[in-house]
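Note sheet for the following structure.
Lettering of chains follows the sequences in order, A, B, ..., and the numbering in each one begins at 1.
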Amino acid sequence: MPRYNGELHTDPDAMSCRTRFAPSPTGFLHIGGARTALYCWLEARRRGGTFVLRIEDTDRERSTDAAVQAILDGMTWLGLEADEGPIYQTDRTDRYTQVASELVQAGRAYYAYDTREEIDAMRAAAMAAGGKPRYDGRARELGLSDRADPNRVIRFRNPSAGSVVFEDKVKGRIEWSNAELDDLVLIRSDGFPTYNFAVVVDDMDMRITDVVRGDDHVNNTPRQINLYEALGATPPAFAHLPMILGSDGTKLSKRHGAVGVMQYRDDGYLPHAILNYLARLGWSHGDQEIFSREQMVDLFRIEDVNQSAARFDLAKLGWLNQQYLKQDDPASIAVHLEWHLVHAGYDIERGPPPADVVVALRDRVQTLKEMAERAEVWYRPLADYDEAAVSKHLTRDARAPLADARARLASVGTWCLEDISSALHDVGTALGVGMGKVAQPLRVAITGTQVSPDIAHTVFLAGREQALSRIDAALARIRVVD
RNA sequence: GUCCCCAUCGUCUAGAGGCCUAGGACACAACCCUUUCACGGUUGCGACCGGGGUUCGAAUCCCCGUGGGGACGCCA
């Protein structure tokens, strides 16, 4: 009986939790993969275990280096750093070949040379007989020897009787009849292992204790457990996560467009907001919605994950993102905002410090991208005015408040929020008008629009020089209209 | 076709037989606050898929329907 080096199991660390995230590099890290990675990471962290990253690149046709990089970038951005890895399956080809031939020697696997056409015919026949399409096991008892052949594969001799039972940590007890399983290919004709075989060898070699993955893998689990048995290894615990569906209730997949994790960065989401959202999608802790990283690690238990699929809701992600925009330290948010400001092509030097912008705008936007867009007015010359805003607020009546505000702003001692605010209130008092008569024309003068943060902030961020010249421009405009 | 899984407000969920005239959050509506837009506050709208059981008692347990999802590759 082939057996993997048993001494690894005596490693004291082998008893502690080891999880792995094992994406195939065929695209970017999408939201479903990110959640799987998060849950693996969380489970390992809480139990003081190890989180391993493994790249399943055995499909040479579809795997790309760019995709590997995209996955790595996504995980780094989210802060889900692996303790071990990345380990590439293509570096382990010899190991799979070795284990497969040991299985053949032990009578648990066999060579087969069926053509594609023959296999297709078997499937069709099985379907016609009312069963599921499958390989009929015709080479199983032939004892074919190894030889060069374009159709040479190694197949697993799956048990034909009995059933496989396992206790899934999220789905509960699952029983699968062996009669439903056919003899799966272990080594393909190109010499590379198939997914089901490589995973088992790797999880065994890497002493993975908890396999956490999407529930599209539940039906691979029974055959993998049979493989463990044939290898004389103890299967890990399994936890199959329900799928994440699109807002339309259909499967959320790569074809849904911009679902790569890095796209969320570009769209202005904070990595922690994504993590928090993903944690709450399929898991909960009472009525709590906001979780710090520490709280997640502390409270998350894979056993508490829900059993049903959930839909991805951008509105709630946006709400969560704003919660973090509001509660986090402005300086740390500013770091992220700066990325967007630069990305948008603004010259940061000619505008206010980003942290000041964060304070002014964080109650008003849900994403950093919106924040950067709204901040444009302080980083670029005022290009044009909104017509409706002009006709409503840059009227003859606005001339006095504007002129008075200009004079007071010009003589404000320190250009700070408090002094600007009181100076502007003095305008209203002096002229005997409400703040609306002062603030709105001023807002239009500074921003060209009717919408902006509170007027003191709006003026403050413009800087004294810009504020005064924009007021002058507005005053000039009123004169022209006259 | 065959096998597997799932099922509480529009969405994410709480609920592990009585605490449920079903709670929270997002979204939506109204009002309050207010210099705009927001934020915040208050209130409202809104769900146990259907049918049978079991039980004194079921959102919770069982069965059958129905609906949804997944899988059946020399993809992962």
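In this structure, A/S308 reaches the sugar-phosphate backbone alone: every heavy-atom distance under 4.0 Å involves primed, P, OP1 or OP2 atoms, never a base. Looking at heavy-atom distances under 4.0 Å, A/Q307 makes contact with sugar-phosphate atoms alone, never a base. Backbone-only contact: A/R123 has heavy atoms under 4.0 Å from sugar-phosphate atoms and none from a base. Among the heavy atoms of the strands, none lies under 4.0 Å from A/P23. Counting any heavy atom pair closer than 4.0 Å across all strands shown, A/G282 reaches sugar-phosphate atoms only and no base atom. Nucleic acid contact for A/D454: base, since at least one base atom lies under 4.0 Å from a heavy atom of the residue. Among the heavy atoms of the strands, none lies under 4.0 Å from A/D386. Across all strands, A/I455 comes closer than 4.0 Å to base atoms (heavy-atom distances). Contact annotation for A/R280: base contact, defined as any heavy-atom pair under 4.0 Å involving a base atom. Among the protein residues, A/H240 comes within range of no part of the nucleic acid, since none of its heavy atoms lies under 4.0 Å from any strand. At the heavy-atom level, A/S284 lies under 4.0 Å from the strands shown only through sugar-phosphate atoms.
Across the protein-nucleic acid pair, A/I55 atom CD1 and B/rA76 atom C1' stand 13 Å apart, rounded to whole Å. Rounded to an integer number of Å, the gap from A/Y324 OH to B/rC26 P is 14 Å. Across the protein-nucleic acid pair, A/L299 atom CG and B/rA14 atom C1' stand 15 Å apart, rounded to whole Å.
Using C1' as the reference atom, B/rC4 and B/rG41 are 49 Å apart when rounded to the nearest Å. Nucleotides B/rG24 and B/rG50 are separated by 28 Å at their C1' atoms, to the nearest Å. Taking atom C1' on both B/rG57 and B/rC19, the two are 14 Å apart, rounded to the nearest angstrom.
For A/R364 against B/rC37, a side-chain N or O and a base N or O form a donor-acceptor pair under 3.5 Å. Not a single donor-acceptor contact under 3.5 angstrom links the side-chain atoms of A/D215 to the base of B/rG70. Donor-acceptor pairing under 3.5 Å, judged by distance alone, is absent between the side chain of A/R134 and the base of B/rC72. One N or O donor and one acceptor, one from the side chain of A/K316 and one from the base of B/rA25, sit under 3.5 Å apart. With hydrogens and angles left out, the side chain of A/E289 and the base of B/rG24 share a donor-acceptor pair within 3.5 Å. Under 3.5 Å, the side chain of A/R443 and the base of B/rU35 form at least one donor-acceptor pair of N or O atoms.
Checked against the 6.0 Å centroid threshold, A/Y195 and A/H217 count as a close aromatic pair.
Using Watson-Crick or G-U wobble geometry with both donor-acceptor distances under 3.5 Å, B/rC9 finds no partner in any strand shown. B/rC56 is paired with B/rG18 under the criterion used here, namely a Watson-Crick or G-U wobble arrangement in which both key atom distances are under 3.5 Å. Across all strands shown, nothing is found opposite B/rC39 as a Watson-Crick or G-U wobble partner with both distances under 3.5 Å. Across all strands shown, B/rC3 pairs with B/rG70; the Watson-Crick or G-U wobble distances both stay below 3.5 Å. Nucleotide B/rG44: paired with B/rC28 (Watson-Crick or G-U wobble, both distances less than 3.5 Å).
Counting only heavy atoms from C-beta outward, the side chains of A/L368 and A/I333 approach each other to under 4.5 Å. The side-chain heavy atoms of A/P453 and A/L361, taken from C-beta on, include a pair separated by under 4.5 Å. Between A/L38 and A/L78 the shortest side-chain heavy-atom distance does not fall below 4.5 Å.
Between A/R155 and B/rC74, a side-chain N or O to OP1/OP2 separation shorter than 4.0 Å is present. The phosphate of B/rC75 has neither OP1 nor OP2 within less than 4.0 Å of any side-chain N or O from A/T26. Checking the phosphate oxygens (OP1, OP2) of B/rC74, no side-chain nitrogen or oxygen of A/T194 falls inside 4.0 Å. Note on A/K326: a side-chain N or O is less than 4.0 Å away from OP1 or OP2 of B/rG40. For B/rA76, the OP1/OP2 oxygens have a side-chain nitrogen or oxygen of A/R188 closer than 4.0 Å. A/N306 has no side-chain polar atom (N or O) that falls below the 4.0 Å cut-off from OP1 or OP2 of B/rA7.
Distances were taken from every side-chain heavy atom of A/A439 (C-beta onward) to each of B/rC26, B/rG73, B/rU35; the shortest belongs to B/rU35. Of the candidate nucleotides B/rU11, B/rC74, B/rA76, B/rC74 has the atom nearest to the side chain of A/R116. Nearest nucleotide to the side chain of A/R62, out of B/rC75, B/rU2, B/rU35: B/rC75. Which of B/rC72, B/rC4, B/rU13 sits closest to the side chain of A/W176 comes down to B/rC4. Listed nucleotides B/rG73, B/rG24, B/rG70 differ in distance to A/N219; the shortest reach to its side chain belongs to B/rG70. Distances were taken from every side-chain heavy atom of A/V451 (C-beta onward) to each of B/rA76, B/rC12, B/rU36; the shortest belongs to B/rU36.
Toward the 5' end of RNA chain B, the nearer of the two residues A/M243 and A/V185, judged by each one's closest nucleotide, is A/M243.
No more than 12 heavy atoms of other residues, nucleotides or ligands sit less than 6.0 Å from atom CD of A/E61.
Relative orientation of the A/F460 and A/H457 rings is perpendicular, given thresholds of 30° and 60° on the angle between their planes.
Evaluation of the side-chain hydrogen bond (donor to acceptor under 3.5 Å, both in side chains) rule for A/R311 yields no partner, not counting sequence neighbours.
For the pair A/R147 and A/Y113, the cation sits on the ring face: its NZ or CZ lies under 6.0 Å from the ring centre, inside 45° of the axis.
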